[in-house]
Amino acid sequence: MGGTLRFTAQIVLCLVLAVFSSPFVSRLIAQDTRFHNAPVSSRQQKNPYAGQTAALSAGARLYALNCRSCHGINGKGSGNVPPLSRGAVQAAPDGEIFWFITKGSVDNGMPSWASLSEQKRWQIVSYVKSLKNARPAKTDAAPPSSTASPTHAPAPAPAFTDFRFEQPGKFHKITVQDLPAPFATHSASNGPDLVARPSNAWPKAPEGFSVQQYATGLENPRALRTAPNGDVFLAESSSGAIKVFRGITSDGKAQQSDTFASGLNQPYGIAFYPPGNNPQWVYIGNVDSVVRYPYRTGSLKAGGPAQHIADLPHAEGHWTRDIQFSPDGKKMFVSVGSASNVDDPDTTPEEKNRADILEFTPDGSGMRVYASGIRNPGGGIAIDPKTGELWCSVNERDGLGDNLVPDYITHVQDGGFYGWPWWYIGAHQDPRHKGKHPELKEKAIVPDVLLQPHNASLEITFYAGPQFPADYQGDIFASEHGSWNRSVRSGYEVIRVPLHQQGRASGEYEDFLTGFVLDNGNVWGRPVGVTVAQDGSLLVSDDGSNSIWRVSYTGAGSQKTAQQHGSKGPTSKDAHN
Ligand code: HEC
């Protein structure tokens, strides 16, 4: 499924639609017919500057000025902002893109560009189309954009933090009382400027831990999961492959790697079934379906073709789908994020069965909504091995200012409602849905752990390995992919959520692995997946530097962290001092 097929598909789309049956192509077709519901007339509008080199270079300048801070270098996408170099945009006619950028999607964080002249908008469309399958320039540091994270900004308000104050071993706690009013600050557009990792930059872990590079040269490495026999599975979402790694060399690298399966449609979640030491199947969450492959312990290749288990809603928006099984193997949980930022599901059919954790039987039947109002839990769900409870990691909504709405990590209640889109963090009404659903006000659950708003919290895992100091046992590690909707970046780190050996969070969390943002605000790494390897070290996938990091405990230095944590829980006041 390389660029050739995509290219061919685009050219001959109108002629031979029926011939193509791959999921990628059918997705292209579905979106091609109605790019953001563009009116038919827009499709007929021709780009007056098509094929002109001068228009391309003018478009490139305009893109750098107006679009790059959100959509990333070469249209790669960033945070919750969709890529422009692939997907629906590249399949849509110029006229429809022109129409869309003129109008914007203001409620969802995409400004209207009607203020730019028509000529400029067409030039931008030309440039955007030229980004097809472009790869971000990784070889040189990009010039900082006009909205690069200001390093001279005032320190964040108490309880909140940003990349300048994130440091391994530092605790944070955000409570409901700390939340500002909506629109207290403007809604920032500050996506990361991805640069190559400078040779002197390396992830930073607490004292006593060391960090090695486990695997490099990957293509969009996302979710990670450890098989019962210790093999490490990785979803490479944009290449559509599941990779597997085995063993460890003396310098911390995988000894062996292979491709377990390929040809998947934006795969993310990975789960072994049945639970226990002898799984027979590997389940994968595609953007539009759950599939499974036959599996025998120790095999590095799928034991047969993919079997279709269930269809998932997928029209637009958040695309990652995570999967977990209940410990008794009777329930399959699938997390599906919203199609939009805050569209009202009452009037938006695309939001049906989204912003939910869905429950199925392992054969894909009997779907029901297990928990709802969870804007995007697609980045990570996990079962606490100690209590058997389901937990999730959630991207909350954008557009309400720097310090709203906190992302969160929480245990999930069967039938629980977590607020989206009408309410947030309990009984706070979203100002964009004023007066709606008063009956849900008291039902909206306050999550267990409030994270820095806009962190983009992704995969979570419970530490049950044989290596880290005893006080880490049972704690949660979570990858924070990093913000775009915050004037000074936050996230871009791995955090630890202490559960105090009780399986219960107390609201605080600790910076664990930082250093992915340079002092000037440019970003070289973005944690996505996190899993505990068989030897007890922590593996972290990073789709900024396209590698996997390995954090292992090598000394006694973490005692300090343990004491600090045990003796005096930090208050919101000293959270970032
Ligand atoms: C403040 C951040 C921001 C800026 C600046 C921005 N965008 Fe967007 N853009 C978004 C978001 C968020 C979305 C998703 C909106 C949605 O889902 O409705 C989006 C969506 C889009 C889409 C549709 C993508 C798809 O796959 O559906 C296009 C095309 C687009 N933007 C082009 C542009 C262009 C061109 C510029 C510069 C002139 C630009 N954007 C500037 C945030 C931004």
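In listed order, ligands and their atoms are each counted from 1. Side chains are part of it too, since the values below use all heavy atoms of this structure and drop only hydrogens, waters and symmetry mates.
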- Task: Examine distances only and state if a side-chain atom of Asn546 and a backbone atom of Gly217 form a donor-acceptor pair shorter than 3.5 Å.
- Result: no
- For Ser545 and Ser547, does a side-chain donor sit closer than 3.5 Å to a side-chain acceptor? yes
- Contact atoms of ligand 1, heavy-atom distance to Ile101 under 4.0 Å: 32 (C), 35 (C)
- Item | Those atoms of ligand 1 less than 4.0 Å from some heavy atom in Asn66 | 5 (C), 37 (C), 38 (C), 41 (C)
- For ligand 1, is His36 a contact, meaning one of its heavy atoms is under 4.0 Å away? yes
- Looking only at non-hydrogen atoms, which of Ser340, Ser105, Gly104, Ser187 approaches atom 16 (C) of ligand 1 most closely? Ser105
- Numbered atoms of ligand 1 (with element) below 4.0 Å of Ile124, judged on heavy atoms: 35 (C), 38 (C)
- Quick one: CD on Glu96 to CZ on Arg43, what's the gap to the nearest 0.5 Å? 4.5 Å
- Item | Side chain, backbone, both or neither: the part of Leu84 lying under 4.0 Å from ligand 1 by heavy atom | side chain
- Message: Strictly under 2.8 Å, is atom 8 (Fe) of ligand 1 approached by any N, O or S atom of Met110?
- Response: yes
- Task: Check each heavy atom of His71 against ligand 1 and say whether those closer than 4.0 Å belong to the side chain, the backbone, both or neither.
- Result: side chain
- Query: Is there a donor-acceptor contact under 3.5 Å linking the side chains of Asn376 and Trp420?
  - Reply: no
- Do the ring planes of Tyr408 and Tyr418 sit parallel (below 30°), tilted (30 to 60°) or perpendicular (above 60°)? parallel
- Message: Which residues pass the side-chain hydrogen bond (donor to acceptor under 3.5 Å, both in side chains) test with Ser262, not counting sequence neighbours?
- Response: none
- Non-hydrogen atoms of Trp484 versus ligand 1: any pair closer than 4.0 Å? yes
- Can Pro82 be said to touch ligand 1, with heavy atoms closer than 4.0 Å? yes
- Item | Test: Arg368 and Glu359 ion pair at under 4.0 Å | yes
- Query: Below 4.0 Å from any atom of ligand 1, is there a heavy atom belonging to Gly87?
  - Reply: no
- Cys67 neighbourhood, listing ligand 1 atoms whose heavy-atom distance to it stays under 4.0 Å: 34 (C), 35 (C), 36 (C), 37 (C), 38 (C), 39 (C), 41 (C)
- Query: Do the side chain of Asn190 and the main chain of Arg486 share a donor and acceptor less than 3.5 angstrom apart?
  - Reply: yes
- Do the ring planes of Trp122 and Phe98 sit parallel (below 30°), tilted (30 to 60°) or perpendicular (above 60°)? parallel
- Examine Cys70 and say whether one of its N/O/S atoms is closer to atom 8 (Fe) of ligand 1 than 2.8 Å. no
- Residues in side-chain hydrogen bond (donor to acceptor under 3.5 Å, both in side chains) contact with Gln429, at least two apart in sequence or another chain: none
- Ligand-residue contact atoms, ligand 1 with Phe35, heavy atoms, under 4.0 Å: 23 (C), 27 (O)
- Item | Heavy-atom proximity to atom 26 (O) of ligand 1, best of Asn341, Val89, Asp343 | Val89
